[in-house]
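These notes are about the structure you will find just below.
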Amino acid sequence: MKTIIRKELLDHLRSVQFAVLLTAAVVLFAANGFVFVQQYGRLNADYRKAVAENDRRPSTTMTWLYREPSPLLFLAEGGEKASPQGYRLSPKLTLSSLPARPANFKMPAIPELDWAFIIKIVFSLYVILLGFEAVSGEKERGTLRLVLSNPVGRVRLLAGKSLAILSSAAIPLLAGFVISLIVVGIFLPAVLSLATLARVAFLAALALAYLSLFTFLSLLVSSLIPRSSLALLVLLAFWILFAFFIPDTSGIIAEKFSTVPSEYEMAKQLGPTIQAEVWKRIAAIQDRIKSGEIKTEQAILDEADRAYEEGQDSVRKLYDDYDNVMRERAGLAQSISRASPAALFQYAAESASDTGPKAEARFLRDVRNYSRVYDDYILKKVGEVVGTSPWSFSSGAELDGKYINLESPSPEEYTGDRSDFPRFSESRSSLVDGLRDGLWDIAGLIVWNILLAGLAFSAFLRTDVR
Amino acid sequence: MLKTIIKREILEYLKSAKFLIGLGVTLALAVGGTVINVQDYRARLRDYQAASQELKSDRFYIRLYRPPEVLSTLIQGRDRKLGNSLTLTYLSIPSGTSGYMGEGRSQHNRLVSGFAAVDFAFIVRVVLSLMVVFIAYNAVSEEKSSGTLKLILSNRVPRDQLLLGKFLGGWFVIMGSLLVSGIVSVILVLSHSFIAFGAGEWTRLGVFLGLSALYLTVFYAVSLFVSVLVNRPSASLMLLLQAWVFLIVIYPNLGVVAAENFYTLPSQEQLAQQKAAAFQPYAAEQKKIQEDFGRAVRSGSGVSRELGVRNVELRSLQADLAYQVDAEYGRKLTAQADLARVISSLSPAVLFDHAAERYGRTGMAGYERFMREVYRYWQQHAERSKLIYADREAYKKAPPIEFRVPVESTDEALAATWLDWLLLAFLSLTFFALGTTVFLKKDVR
């Protein structure tokens with residue numbers, strides 16, 4: 001067994017593929033490190049400045065809650081750059097998301113060069129390149145017969161081959177990890193904590209699981225298809241299917257099959273339905289003044305306040321519904337893309353590095369929890385909690401020839417002592433949380449491994465070696 | 001003689017399993033991708049039409065919509081990712097489009113990010129280029145390693161003719177595959193009753209197919225060159241696949257990273273400062289007018305004509321000045337993106353993408369054009385809004401200003417992409433010439 005692995009490994013290490021993979025790994029991981037160092041520095045400086053700014057002006061009308069940039073963005077960015085930097089919170093849980101840091105949307109859409117991407121796309125391809133000839137190539141050259149004429153079991157031979165392929169990929173991977181970490185460590189020593197290293201180890205384990213399933217896939221196809229060039233062609237078709245086709249079409253498929261309304265349908269309710277509702281009630285107030293049902297100015301103002309307040313509630317609810325709808329659809333897109341092991345690996349890597357939609361959802365939970373504290377504080381200081389919405393309404397009415405301005409109520413600023421203003425803090429997820437979040441994806445990777453390993457071994461055992 | 005060689009080559013390819021598998025995979029992906037994209041286009045079109053009908057402008061809030069592009073079913077470009085609606089008032093001009101929920105609310109972009117398109121352009125860029133590599137990697141090296149090259153050349157076949165024959169034979173096969181997958185995709189698109197192509201679409205589609213042919217020719221020339229250069233077929237395949245990954249996945253990515261570092265953009269804070277500074281000379285006057293205005297509204301006494309007109313003037317001036325700052329920022333974004341493209345312009349994939357988006361009208365150029373039209377529209381709208389206080393009757397009677405979605409003509413698109421064609425042609429010729437030179441001097445034993 002040892003001899004097989006050694007022989008195979010030496011073969012791989014001497015090959016052109018290996019040299020290129022090593023070079024590619026060094027270049028890509030070094031680039032990843034440098035890009036991250038720059039970006040994180042900027043993100044972190046912006047974050048600290050924004051938080052300090054907010055702390056300087058505690059307010060009972062609105063407050064800004066920022067999300068701390070993750071120090072693990074270089075592992076798996078997970079769409080973080082396009083997700084909100086935080087939220088502007090007004091009383092009664094009125095949230096406006098603070099737009100993501102403006103990226104150049106005119107740039108060609110290219111994937112983020114993080115560890116997950118390099119492993120998912122580049123390394124999986126190289127595993128195929130290392131493995132497609134493993135059986136069919138030897139058969140073509142006639143060496144397979146010779147090898148098997150020695151007292152070597154087929155199972156052992158294939159196990160040896162798969163281990164050799166995996167280690168040939170693992171060596172450049174490890175080199176890449178080290179280089180990236182060195183770059184990050186030199187410029188941002190604070191990032192390289194023990195916790196970070198534990199997560200790196202977690203990601204490394206995931207990477208091995210992911211690459212080993214490609215190893216088994218290569219061996220399976222290589223055993224089934226006797227001509228190595230055809231085996232490679234079939235493997236590349238799988239690679240395109242897994243790495244591009246399934247993940248890239250899942251978004252559209254999710255939109256097609258989700259039962260939730262489209263963005264336009266949500267927007268349609270916002271304008272004509274809800275806005276018209278408010279104006280109808282304001283018009284009704286004017287009618288009731290005419291008919292003498294409402295007599296005092298205070299009564300008019302109270303009625304208008306109520307109409308506005310309920311209008312605002314509807315707007316807030318609609319925005320909430322919209323956010324939920326979009327999240328639901330994104331979740332569906334993710335579930336569909338899980339048909340591809342590349343997507344399973346991506347989501348597991350996001351769990352390992354505490355980025356992506358799950359981390360964002362956790363931040364939103366924190367914001368919602370804080371909102372209760374914030375409202376309590378306002379109630380204590382101001383005496384009442386008045387909600388707002390991104391929309392304000394304003395109109396007028398006439399009572400006995402006097403013009404009364406009807407504006408939607410807005411929260412009041414407390415001008416007294418605000419030193420006890422509640423501070424917002426984000427909850428952090430531990431490595432165990434990450435494992436739990438990624439449990440299904442990890443299980444999926446393991447299932448793929450078992451399935452493909454079983455198929456590869458049974459195909460190889462049946463293969464005609466002549 | 002040449003004809004015989006070409007015929008033999010074509011027959012060889014058509015009989016080979018790798019060609020059949022490659023074509024099968026290409027067709028399967030093309031069909032799957034196109035069906036999905038057509039469904040998506042239908043949904044976007046339905047929303048666009050409904051929005052134009054139901055979420056209309058009033059006199060204050062002007063809603064403008066960007067229609068989905070019909071060729072996005074084949075060349076999706078950024079048609080999905082860029083927003084499709086915007087709202088403007090005389091107080092504000094948005095610097096870009098967003099989803100229907102409006103700026104700052106819509107998450108349309110967030111949820112499609114990371115999901116690139118699998119459209120016909122993807123099939124050409126990724127799948128067919130890979131197939132080209134597979135067809136050509138052993139064109140010469142296989143014949144050499146199996147010894148048939150010697151035999152052929154022992155006949156009276158000049159080497160240049162043999163290579164040209166091989167080149168053309170394989171080339172026809174590739175063009176055939178491109179044409180077949182293209183025709184299948186187009187038929188799939190056109191089999192839907194809500195889609196019809198005009199003359200412009202057919203022309204641009206034709207130009208796009210020409211571009212695809214040239215793009216695949218680059219990969220073909222490179223593959224042939226490597227096949228001549230490297231004697232072992234498996235080694236030439238490895239080399240080519242690695243070149244392929246580099247050109248399509250890695251190099252464009254590094255170009256963007258480099259451009260982001262070489263060309264820094266002003267921060268949002270700086271932009272806000274610039275906007276404030278631009279309006280500074282009018283700030284005091286506006287503050288006073290706002291106070292007078294507010295007082296007049298609250299007291300119910302009504303806003304005087306002068307006060308009202310000046311208020312609109314100042315508010316729209318402020319919006320205009322802010323827009324100019326945004327527009328300047330937009331030009332910088334374009335410059336940065338152009339730099340990224342220039343850095344990676346030796347990647348055929350980057351050249352191909354740029355030109356393809358242009359022909360599909362799904363790239364940045366069409367979007368910029370749309371936004372320029374939005375600005376012109378806003379200017380008219382701001383001018384008209386002064387009538388609210390100057391002449392209320394005339395304001396009420398004024399007909400709505402018509403918004404025309406601007407389109408780029410095929411000629412303009414071609415004029416903007418000649419360099420891409422030239423570079424692609426240059427790459428093809430260079431590698432073909434290199435291949436020929438090496439082949440003429442090659443030891444065929």
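Being a predicted model, the structure only gives us computed values, none of them experimental. Labels below follow one simple rule: chain letters A, B, ... track the order of the sequence lines, proteins then strands, and each chain is numbered from 1.
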Option in [options] with maximal non-hydrogen atom pairs under 4.5 Å from chain B:
| options | answer |
| --- | --- |
| A:L113, A:V234, A:V27, A:I121 | A:L113 |
| A:S97, A:A254, A:A24, A:S229 | A:S229 |
| A:V35, A:L236, A:I253 | A:L236 |
| A:S228, A:A31, A:S262, A:P357 | A:S262 |

Please classify the contact between [X] and chain B as side chain, backbone, both or neither, with a heavy-atom cut-off of under 4.5 Å.
| X | value |
| --- | --- |
| A:Q346 | neither |
| A:F238 | neither |
| A:Y126 | side chain |

*Is it true that A:E265 and B:R46 make a salt bridge, defined as a side-chain N closer than 4.0 Å to a carboxylate O?*
no

Quick one: are [X] and [Y] in side-chain contact, heavy atoms under 4.5 Å?
| X | Y | answer |
| --- | --- | --- |
| A:M107 | B:E260 | yes |
| A:L232 | B:L241 | yes |
| A:L129 | B:Q242 | yes |
| B:Y367 | A:F105 | yes |
| A:P108 | B:R78 | yes |
| A:Y264 | B:Q49 | no |
| A:I240 | B:L130 | yes |
| A:K106 | B:E368 | yes |

Do you know which of [options] has the most heavy-atom pairs with chain A at a distance under 4.5 angstrom?
| options | value |
| --- | --- |
| B:A28, B:P233, B:A43, B:A51 | B:A51 |
| B:N37, B:V257, B:L29 | B:L29 |
| B:V127, B:V249, B:T26, B:D47 | B:D47 |
| B:A50, B:S16, B:P252 | B:A50 |

Under 4.5 Å heavy-atom distance to chain A, tell me which part of [X] shows up: side chain, backbone, both or neither.
| X | result |
| --- | --- |
| B:Y137 | side chain |
| B:E269 | side chain |
| B:M101 | both |
| B:L254 | side chain |
| B:L237 | side chain |
| B:V256 | both |

*What is the minimum heavy-atom distance between B:A17 and A:L230, and which atoms define it?*
CB-CD1, 3.6 Å

*Do you know the tightest heavy-atom contact between B:Y100 and A:E263?*
N-OE2, 3.0 Å

*Distance-only, no hydrogens or angles: does the A:N104 side chain make a donor-acceptor pair with backbone N or O of B:L333 under 3.5 Å?*
yes

*asked:* Does B:F262, at its CZ atom, have more than 12 non-hydrogen atoms belonging to other residues, nucleotides or ligands within less than 6.0 Å?
replied: no

_Does the plane of the ring in A:F244 sit parallel, tilted or perpendicular to the ring in B:F122? Use 30° and 60° as the thresholds._
tilted

*With rounding to the nearest 0.5 Å, note down the distance linking CG in B:N261 to CD in A:Q38.*
4.0 Å

_Atom pair CG/OG1 of B:D119 and A:T249 - distance to nearest 0.5 Å_ = 11.5 Å

